[in-house]
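Here the structure comes first, spelled out in structure tokens, and everything after it is commentary.
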Protein chains: 2
Amino acid sequence: MSGHSLKQPDSELTNRSGHHVPGTSKYEQILQGAMRVFLQHGYASTSMDRVAAEAGVSKQTIYSHFQDKEGLFIALIERVTTRRFQIEFGPEPFHGEPATLLRRLAETLLSKMADQEYIAFIRTVIAESERFPELAQLYLRTVLQYGMHGLTTYFDSRPELNLPDSEATARIFFGSLVAFVLAQEVLHGKEIMPMESDRLVNSLVRLVLGSA
Amino acid sequence: MSGHSLKQPDSELTNRSGHHVPGTSKYEQILQGAMRVFLQHGYASTSMDRVAAEAGVSKQTIYSHFQDKEGLFIALIERVTTRRFQIEFGPEPFHGEPATLLRRLAETLLSKMADQEYIAFIRTVIAESERFPELAQLYLRTVLQYGMHGLTTYFDSRPELNLPDSEATARIFFGSLVAFVLAQEVLHGKEIMPMESDRLVNSLVRLVLGSA
DNA sequence: GTCTATATCTAGATAGAC
DNA sequence: GTCTATCTAGATATAGAC
């Protein structure tokens with residue numbers, strides 16, 4: 001809650017205290033351990049002792065690389081957001097015929113988000129979005145905005161689709177998919193109200209193309 | 001994590017230990033205090049001391065009404081899910097012309113979810129969905145399933161809408177709205193990628209009606 | 001049933017040897 | 001930079017008086 005801030009410029013080679021850091025084996029080890037523990041139990045329920053044990057280092061080693069628990073958590077979520085869980089839609093994701101493109105986009109997104117680690121990651125970002133609002137916004141910028149921009153631009157290049165508001169339509173497209181994963185996976189809805197993701201994708205593609 | 005389970009039958013008049021309970025002033029007081037603290041700070045970061053202070057009772061009084069911290073949290077979320085945050089769509093929510101009905105439904109949902117307490121509530125349910133999966137499912141059943149059933153049935157009664165999959169379409173409808181609130185409010189997206197909710201509603205209504 | 005006081009444990013963070 | 005050992009605060013839960 002204190003003086004932590006998101007680093008953009010120097011994030012790869014040094015941390016705020018100056019002693020550098022990544023590339024170092026221990027540093028990576030700590031982040032790996034921290035990822036498992038934080039994503040599984042959440043910020044507050046994770047102890048530094050547990051992180052140390054999971055990472056196979058001593059607690060003091062963690063504190064020599066990171067300022068405190070908050071600093072470690074921020075570094076972890078930053079890393080994981082901008083690298084591991086950056087959603088790549090593949091090469092030339094926003095080219096092709098509308099029906100093919102939309103279906104491919106939807107299926108790619110759903111398959112990337114189907115991973116258990118990704119589920120835990122989303123849950124954690126949402127859970128800590130009040131304590132760490134900048135991390136939530138980083139997630140939105142990194143993951144959502146790229147897709148939004150690409151799809152909006154694509155819609156704009158296809159006036160024959162007859163979409164009155166391409167940006168709002170892109171929101172509906174991604175929003176439906178994210179909400180589906182949220183309900184089915186994060187909130188354990190698939191056990192009590194199952195639905196094949198194909199049905200969602202089919203209807204979604206058809207709705208968007210329906211105005212043409 | 002232990003022997004707690006969701007009570008369905010006796011939830012209103014007794015708790016598991018048998019000494020009954022609601023109606024009691026202290027009991028309500030505790031739940032009120034617990035709501036403020038738990039929804040603001042999350043489960044793990046909330047201390048029983050803080051709940052006691054916020055509720056204006058002693059800690060031991062809490063333990064005489066609730067088995068432990070988990071029991072209190074479960075009772076709280078159950079109560080709040082089934083009463084305070086049950087989304088009512090008003091009288092005869094699923095009657096009328098499609099365009100009017102869909103718009104009214106969307107606007108009702110968005111306005112109910114715009115409340116700060118509701119935002120905090122959703123965040124908490126998602127945050128604790130791994131520790132308390134039954135609470136997440138209770139939320140889905142209570143809030144989502146009612147709307148899903150109503151809208152799906154309505155779609156089925158309107159074959160002229162030409163919707164190939166009414167259930168999937170209802171998912172898209174509610175999903176878009178929930179995801180919008182999640183991005184804009186919970187994840188603080190409105191500061192970095194603002195969008196008027198009217199634009200979403202307009203496009204959503206038009207998409208659904210577009211196949212007709 | 002309700003309070004004050006307390007037992008017990010575990011957390012984050014640091015000291016000091018190597 | 002890395003470890004073991006430790007300090008101190010705050011947590012859950014309980015004991016015992018009224």
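Scope of the values below: all heavy atoms of this structure, side chains included, with no hydrogens, waters or symmetry mates. Letters go in sequence order (proteins before strands), and every chain restarts at 1.
Distances were taken from every side-chain heavy atom of B/H65 (C-beta onward) to each of D/dT12, D/dC3, C/dT2; the shortest belongs to C/dT2. Comparing atom distances between the A/Q60 side chain and each of C/dT4, D/dT12, C/dT14 picks out C/dT14 as nearest. Relative to the side chain of A/S58, the nucleotides D/dG1, D/dT4, D/dA13 differ in distance, and D/dT4 lies closest. Of the listed nucleotides (D/dC3, C/dT2, D/dG1), C/dT2 has the atom at the smallest distance from the side chain of B/S64. Side-chain proximity of A/K26 to the nucleotides C/dA11, D/dC3, C/dT2 is greatest for D/dC3.
Relative ring orientation between B/F73 and B/F38 is described as perpendicular, the plane-to-plane angle rising above 60° on a 0-90° scale split at 30° and 60°. Ring orientation note: the planes of B/F89 and B/F174 are tilted relative to one another, at an angle of 30° to 60°. Taking the six-membered ring where tryptophan is involved, the planes of B/Y43 and B/F132 are perpendicular, since the angle between them exceeds 60° and thus also 30°.
Atom CD1 of B/I62 and atom P of C/dT2 are 11 Å apart (whole Å). One interatomic measurement links the two molecules: NZ of A/K69 to P of D/dG10, which rounds to 15 Å at whole-angstrom precision. Distance NZ (A/K59) to P (C/dA15): 14 Å, rounded to an integer number of Å. For the pair B/Y63 OH and D/dA13 C1', the computed distance is 5 Å after rounding to whole Å.
Within a 6.0 Å sphere centred on CD of B/Q32, heavy atoms belonging to other residues, nucleotides or ligands number 12 at most.
Taking only side-chain nitrogens and oxygens, B/S47 never comes nearer than 4.0 Å to OP1 or OP2 of D/dG10.
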